[in-house]
Asks: 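Okay, here's the structure, questions in a sec.
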Amino acid sequence: MKVKVISRSADEFTRERSQDLQRVFRNFDPNLRSQEKAVEYVRALNAAKLDKIFARPFIGAMDGHIDAVSCMAKNPNHLKGIFSGSMDGDIRLWDLATRRTVRQFSGHQGAVRGLTASTDGHVLVSCGTDCTVRLWRVPVATIMESNDSSDMSADPLAVYVWKNAFWAVDHQWDGNLFATAGAQVDIWDHNRSQPVNSFEWGKDTVVSVRFNPGEPNLLATSASDRSITIYDLRMSSPARKLITRTKTNSISWNPMEPMNFTAANEDCNCYSYDARKLNEAKCVHQDHVSAVMDIDFSPTGREFVTGSYDRTVRIFQYNGGHSREIYHTKRMQRVFCVKFSCDASYVISGSDDTNLRLWKAKASEQLGVLLPRERKKHEYLEAVKNRYKHLPEVKRIVRHRHLPKPIYKAASLRRIMAGAEKRKEDRRRAHSAPGSRPKEAFRKKRILQEVE
Amino acid sequence: MADEKRKSGDENRQNKGRGFNNKKTKGRNGSKKDNREAKRRKGPGLPNALRKELDLLNPTTHPSDGSDSDADVAAPNDVYEYEEGIPEEESKKNKRFDPVENYEYELPEEFEDENVASDDEGNEEGDAVEDEDDGRHSRMLQGITGLPGDAFEAKKENDFVISEAYPESEYNPSHDILEGDGHISIQDLLDPLHGKSGFSKLRKNVNRMEKKSMSLNAPLPRSDQERLERKAAYELSKKDITKWEPLVKRNREAPTIFFNEDTDLGFSTVGAIASEFEPRSDFEKKIASLVNDNEIVDAHRKDGARLLELNKISVEDVKDQQNRLAKMRSLLFRHELKAKRIRKIKSKTYHRLLKKDRLKATAVATEMDPEAAKELAMKQEFKRAEERLTLKHKNSSKWAKRILERGLNVQDDGTRAAIAEQLNQHALLTRKMNSMKESSDESSDEDDSDDILVDSDQDGPSAMLKRAKEKTVEVLEGDGELPKSGVLSLPFMVRGLKKRKEAADEEARLALRDYELSLKQLENKNEEESENLHVSSGRRVFGGTKKQVQESRDKINSDNYYGNSDSEGDLEAMEGVDDGRGQNNDYQRDVNIDPDVLRDESEIGHDPVFKNFEDIVKDPGPKTTYEVAIFASNSWKKMKSSSNVNEQTGVLNEKISDYSNIRDSELKDLDMEGDNAGSDTDSEVQMVNGILSSGPKSTYEQPSQEELIRRAFAGDDVEEDFEKDKDEILNEENPEPEKPTLLPGWGQWTHIQRKKGLPSWMQEEHDNAKKKREEALKKRRDAHLNHVIISEKLDKKAEKLHTKTLPFPYTSKEVFEQSIRMPIGPEFNPATAIGALNCPEVVKKAGVIIKPIKYKDINPHERVEDHGNRRQKQLKSKNKGKSNKEMKSKGLEG
């Protein structure tokens, strides 16, 4: 006869060290546990509340500029370094860990409008309203840390004078070229004092330029004639122009999806486009209450950060219609430039109040080293919260943000206006012949024309 | 612009003078025609040289002539003529403006109009508007050149000027060629060459070309060209960028993307770290200088002769040493070879012989030296004694105890080996002792485990059989106790155990019969002997077997522990058969004194006690049981519980309550089975007790089904009940508005109110509320379903747990509910599954730079098959430490 006895060997339950966890055996039979859904719901609720409690996104401000910060550039090869240029012609290299200036690059006579660094992080390119493009050597990280106060300023590697003022500059990924925007788009080589190529399509000033990081020969610009233009360097010709109803202030390509880019528009919205189908936006990201000044994608390609003239910074999902996060402080003025850090965990904003501000990309994230058990717990809470995010209580807590009064009021005003417009449109439609006023999607409404 | 202004200024000045002239000439001129003729007559009197000079002096006059005149022609037609003053720049007022160099001809400032008397000009009456300008102009020229105005009149004829952008040449055909039909053909060009050398050849070529010629289209306008170019460029880049699509799609669909694998730790190996080493302290530097000394390094690299020199040792010594070493090495090598050869020999006999030789050699050694042998033996003996005394190697040391406490399985191999070694040692050291003991006393083997064998030797097969029988009986009997609590007391468990027990009993009984048969045979053989033996050693053996039983009890318990049942029938049946039972009872009496066995005995003796109770229960007679049977059946109770006296009384009590309850519950318990005619007890008896029913009610007629149902539901109106219920629920969910009541003292003070009745507003409110309620009732989903109640009660607490609408990515309610059905927590899932369940969408690591996507060719169709276990694969790859190549961002390439 088969004998079945409960047998547990002591060594399975004995801890090797006193810090070890006691081993717990559980019966995972769902019939024995009927309350798990309720338990997890409550956990999700608590996780959402805890997230609110621990949401302290602001890490610190970096002050030193004496005029508004107009542009920033991150060092693609060094996580801690970030460059910032200001309206008085000052360029600074910051160390994010210590939040101090490491190096100053002085030489520009007017405002610095564009900054970018080469992919290897050795060369910094700046341009400004003084019609010059300046190339600087970036100090090596180790030297930077050792003697931080000895030699604060540097001389440019090269100064290229050109015939028009510049508005923006961007460096090609893994290449030797960079593009400047001004009266026209110029493609430069590091070693040549004159542009290797120039594009001009229309007579209006080009205000921003961005290279596609995945596809290094594509670049997109936006101009003051409310247009977004795509250029292809291989064909050395512009490819397509899209004219919208309002001006686009900045463009950012998705680093993980080379066909998609998002444009920060004057009309408070951001529009994600597929470069192949420009007749409609893929997604409209709305929440800002004033012009969006700058945009930068997270290196994960899953979210992007925007800075706006309404004095806030917002973080959007790449496919989300509304922002997932809003950052603001009492003293932060108009935000002119924003950047996502290269490891996708920090956000840097530069604003009119001459400061750079460092934020966490996830407001309630715990900084520092996490123990594996801690990390697992965080992951579990996140997963549970994500699972029950549709339930009203959880949703309410997760979505709630405390806003500054002007922004709150402006947002509600905008809502009212949008509602009124919609009502009017509906009535017009109701009183006209059926089919004579087709409903136009908002994704298409703001696009005027696609020019070949 | 500037000079135009200036000119107009000049003209003004001239006009002033001319106005005076006109007045003078009005009367003189006869007609316009005359004047013309006169002018013509004069002809172009201006000499060529003079004209040239004039051109030189005032180059602007000539070309701007036409335009000036045009402007002046138009001006008089207008009513108002704008007169521009001298621009401030030119007036040089206060010298506020910088002097601008003017290279054009300027009239001197002190210039004054000269009144030249002209004989025929003065009397032109009709020289009104058109001629005025011409006259003015000619007069100006006159004034300048001093020639008579007629000299300039001829110029008027070919006043028409064609302005050409380019100088005339054969490349730019002149105006009249373009205008007229003067096409220039190749023939025209060839004609002048006629007769020259090579002309015929040229003409031939030209003819051939003409035959084969095709016209080229004119190039498109530049803007169109550019547009086409852009279009082509866009199409190309579009096509090129589409290659990313499968990659992007895969990343988007992946439940998790990993960015944390591309960690560059800098140095990976010790060698890499060492190669970066730089000496800093003095000591390190000294060492480095020695290590990196070129001489020494060179010497090392060569045969080492130079090293010896550096060491300052004599060469001979070293050579000696080397020779010795070489010799040793060769010897070793030889020995090794020999050993290898011997080892290779497969013959067993050879090896055995070899071994014997070796043993012999040692034996000889001991023999040769008896002292040594003795000492060896002594040593061995001492060791054994010591081991016996201390049990040093028998896991009694502190270390061994600790290891054993922790469990041998968790220890590493070395520890286990050490423990085994120790035990081995102990066995070795004590083996001899055992053998010695056996030889010394053989009788005292009480403790030995195999005493049964010894017993069996003494008692023979009969005893063995007896013991076997006893054991079987034990098994049969030892089941009195029932588990009173826990899982095993559950009815189905009890049932199962009972079944098993019965099977076992059956087997045991068969075995018993066998034993008896064989026992009888044996008894026939040697009766006396066995009896004697039985008596003499009976007690002891019995005790022994008792112990045996106790030991084996554990085993029996293991399967029979739960299998106990109250099958007293079995026991009684067995009592008849079993003749060892008497003995058993005796034994009980015997052992009752023994406190040791009492515990066991109580279990065995349970049955008799049990039986006693049974008797007590049965004693009151059949009447009681009969009644119990009747009334217990009503509440679905069985007589099996009657084994307990207390319970019996409980049932008796129940009887009374049941009896009173029956009439009350008759109507209510519609679903109680077997209650057709609940009102009469006789029929109930009939239903329950088959024996009773057969007797007196033999003529009973079976009623029809409808009749039965009608009778069954005679007392209650289900439909009405249902309607009542529904009304109640409706009232609960949509409560009826309260009827307005008159409160004395409210509304009006006087008795008027009572006469008037309720105030109108109150009435109205009430009506409204009523109307609202009716509407709400109409809107209910069960408004038209008479036999259905659909509750529309809102549970506010449950409301929190529902979404108002279906969340976005889901297309159906079922899918959404399915997605949140299984819990994901660590309490509800095994540890192996949690990682995959809780994995976030993006796994990244702070401090790791994420590079943009890098192109990698993937097959878009392969993905479909492994869709299901993708997550698992990813996990696997993560565990392996392999990175997803497509997500792995670019490595450093610069």
Side-chain angles (χ1 to χ4, degrees), chain A residues 1 3 5 9-11 14 16 26 28 30 33 36-37 39-41 43 76-77 79 119-120 122 173-174 201 213-215 217-218 230 232 234-235 237-240 255-260 275-276 299-302 342-345 367 376 379-380 382-384 387-388 390-393 452, chain B residues 226-227 229-234 236-238 240-242 244-245 248 251 257 259 405-407 409-410 558-559 799-804 807 819-821 823-830 834-835 837-842 844-855 889-890 892-894:
Chain A
M1 188 176 265
V3 178
V5 285
S9 76
D11 46 306
T14 320
E16 296 248 335
R26 290 201 169 86
F28 298 121
R33 302 172 170 274
E36 74 263 286
K37 218 165 150 186
V39 167
E40 294 212 322
Y41 168 72
R43 279 185 191 159
N77 203 22
L79 209 53
T119 312
D120 56 7
H122 295 328
W173 184 267
D174 262 352
W201 186 358
E215 191 80 21
N217 287 315
L218 275 187
I230 293 170
D232 196 330
R234 287 165 297 194
M235 263 65 83
S237 104
R240 187 61 55 112
M256 286 295 152
E257 297 170 7
M259 66 280 277
N260 295 336
R276 298 166 299 170
T300 61
R302 292 299 174 105
C342 287
D343 64 345
S345 34
L367 294 181
K376 267 180 208 155
E379 271 174 11
Y380 171 56
E382 196 60 33
V384 160
R387 163 170 282 202
Y388 291 103
H390 301 298
L391 296 187
E393 263 310 84
E452 283 186 342
Chain B
E226 277 179 348
R227 203 182 67 214
E229 216 169 85
R230 286 191 302 249
K231 197 173 176 186
Y234 184 58
L236 273 175
S237 56
K238 221 162 116 174
D240 191 55
I241 214 168
T242 309
W244 294 94
E245 212 164 53
V248 167
N251 284 349
I257 51 175
F259 292 109
E405 197 179 42
R406 281 201 179 166
N409 289 343
V410 285
S558 62
D559 56 8
E799 192 77 346
K800 276 200 294 192
L801 304 172
H802 292 122
T803 57
K804 286 206 177 76
S819 78
I820 58 170
R821 191 174 63 88
I824 52 176
E827 291 92 339
F828 317 113
N829 290 295
I834 289 169
L837 284 173
N838 296 347
C839 207
E841 267 176 42
V842 176
K844 62 181 176 57
K845 202 170 162 190
V848 175
I849 294 178
I850 301 168
K851 298 274 163 69
I853 193 166
K854 198 177 183 182
Y855 183 66
S889 26
K890 285 183 181 182
L892 294 175
E893 289 178 9

Asks: Using only atom types and a distance under 3.5 Å, with no angle test, would you say the side chain of A:E40 pairs donor to acceptor with the backbone of B:I824?
Replies: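 Indeed, once roles are kept as given, a pair shorter than 3.5 Å links the two residues.
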
Asks: What's the shortest heavy-atom distance between A:P258 and B:W244, and which atoms?
Replies: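 Closest approach of A:P258 to B:W244, heavy atoms only: CG-CD2, 3.3 Å.
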
Asks: For residues B:I820 and A:Y388, report the shortest heavy-atom separation together with the two atoms involved.
Replies: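 Scanning both residues, the minimum pair turns out to be O-OH, 4.2 Å.
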
Asks: Are B:E226 and A:W201 close enough that a side-chain donor and a side-chain acceptor fall under 3.5 Å?
Replies: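 B:E226 vs A:W201: no donor-acceptor pair found between side chains.
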
Asks: Where do A:K376 and B:I834 land on the side chain to side chain contact (heavy atoms under 4.5 Å, CB included) test, with the steps shown first?
Replies: CA-CA 9 Å; A:K376 267 180 208 155; B:I834 289 169; 5.8 Å; no

Asks: The criterion is side chain to side chain donor-acceptor pair (under 3.5 Å); which residues satisfy it with B:E245, sequence neighbours excluded?
Replies: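 Applying side chain to side chain donor-acceptor pair (under 3.5 Å) to B:E245 gives A:R276.
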
Asks: Taking every heavy-atom pair that is under 4.5 Å apart, which of A:E382, A:R43, A:E393 has the most such pairs with chain B?
Replies: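 So the answer, after comparing A:E382, A:R43, A:E393, is A:R43.
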
Asks: Around atom NZ of B:K238, are there more than 12 heavy atoms of other residues, nucleotides or ligands at under 6.0 Å?
Replies: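 Yes, because the 6.0 Å sphere around NZ of B:K238 holds more than 12 heavy atoms from other groups.
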
Asks: To the nearest 0.5 Å, tell me how far B:S819 OG sits from A:R387 CZ.
Replies: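 Between atom OG of B:S819 and atom CZ of A:R387 there are 6.5 Å.
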
Asks: Ignoring hydrogens, what is the shortest heavy-atom contact between A:D343 and B:G847? Give both atom names and the distance.
Replies: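 Shortest heavy-atom separation between A:D343 and B:G847 comes out as OD2-N, 2.8 Å.
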
Asks: Step by step, work out the side chain to side chain contact (heavy atoms under 4.5 Å, CB included) result for A:M256 and B:I850.
Replies: CA-CA 10 Å; A:M256 286 295 152; B:I850 301 168; 4.1 Å; yes

Asks: Return the CG to CG distance between B:D240 and A:L218, rounded to the nearest 0.5 Å.
Replies: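 Answer for the CG-CG pair, B:D240 versus A:L218, is 7.5 Å.
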
Asks: At a 4.5 Å cut-off on heavy atoms, which part of A:Y380 comes close to chain B: side chain, backbone, both, or neither?
Replies: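 It is both, since atoms from each part get that close.
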
Asks: Which atoms of A:N260 come close to chain B, meaning under 4.5 Å heavy atom to heavy atom: side chain ones, backbone ones, both, or neither?
Replies: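 Side chain only.
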
Asks: Hey, what do you get for OG1 (A:T14) to CZ (B:R406), rounding to the nearest 0.5 Å?
Replies: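 Between A:T14 OG1 and B:R406 CZ, I get 8.5 Å after rounding to 0.5 Å.
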
Asks: Please state whether the side chain, the backbone, both or neither of A:R302 comes within less than 4.5 Å of a heavy atom of chain B.
Replies: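 Just its side chain gets close to chain B.
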
Asks: Using a 4.5 angstrom heavy-atom cutoff, name the option from A:K37, A:R26, A:E16, A:R33 with the most pairs to chain B.
Replies: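 The candidate making the most pairs under 4.5 Å is A:R26.
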
Asks: Taking A:R240 for the side chain and B:A233 for the main chain, is one N or O donor matched with an acceptor at less than 3.5 Å?
Replies: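 Looks like no, no N/O pair under 3.5 Å.
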
Asks: Would you indicate whether the side-chain heavy atoms of B:S237 and A:I230 approach each other to under 4.5 Å?
Replies: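 No, every pair of side-chain atoms sits at 4.5 Å or beyond.
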
Asks: Look at atom CD of B:E827 and say whether more than 12 heavy atoms of other residues, nucleotides or ligands are closer to it than 6.0 Å.
Replies: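 Yes, enclosed.
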
Asks: Just to verify, what does B:E799 make a side chain to side chain contact (heavy atoms under 4.5 Å, CB included) with, not counting sequence neighbours?
Replies: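 Only B:L794 meet the side chain to side chain contact (heavy atoms under 4.5 Å, CB included) criterion with B:E799.
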
Asks: Under 4.5 Å heavy-atom distance to chain B, tell me which part of A:L79 shows up: side chain, backbone, both or neither.
Replies: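 Both parts, backbone and side chain.
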
Asks: Go through the steps for B:K851 and A:W173 under the test side chain to side chain contact (heavy atoms under 4.5 Å, CB included), then give the verdict.
Replies: CA-CA 10 Å; B:K851 298 274 163 69; A:W173 184 267; 3.6 Å; yes

Asks: How close do B:Y234 and A:A239 get, heavy atom to heavy atom, and via which atoms?
Replies: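 Shortest heavy-atom separation between B:Y234 and A:A239 comes out as CB-O, 3.5 Å.
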
Asks: Search all heavy atoms of B:H802 against all heavy atoms of A:P392 and return the closest pair with its distance.
Replies: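 Shortest heavy-atom separation between B:H802 and A:P392 comes out as O-CD, 3.2 Å.
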
Asks: Shorter than 4.5 Å, heavy atoms on both sides: which option in B:V842, B:T242, B:N829 has the most such pairs with chain A?
Replies: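 Heavy-atom pairs under 4.5 Å are most numerous for B:N829.
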
Asks: Relative to chain B, which segment of A:T300 carries a heavy atom at a distance below 4.5 Å: side chain, backbone, both, or neither?
Replies: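 Backbone plus side chain of A:T300, per the 4.5 Å heavy-atom cut-off to chain B.
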
Asks: Counting heavy-atom pairs under 4.5 Å to chain B, which of A:V39, A:V384, A:L391, A:L367 comes out on top?
Replies: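 Option with the top pair count is A:L391.
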
Asks: Are B:I853 and A:E257 close enough, and set up right, to give a side chain to side chain contact (heavy atoms under 4.5 Å, CB included), and what steps lead you there?
Replies: CA-CA 8 Å; B:I853 193 166; A:E257 297 170 7; over 6 Å; no

Asks: If you round to the nearest 0.5 Å, how far is CG of A:D174 from NZ of B:K854?
Replies: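 Going from the NZ atom of B:K854 to the CG atom of A:D174 covers 8.0 Å.
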
Asks: In terms of heavy-atom proximity below 4.5 Å to chain B, should A:P76 be classed as side chain, backbone, both, or neither?
Replies: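 The backbone, not the side chain.
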
Asks: Look at B:E229, B:K844, B:K804, B:E841 and state which one has the largest set of heavy-atom pairs under 4.5 Å with chain A.
Replies: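 Sorted descending by pairs with chain A, the first entry is B:K844.
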
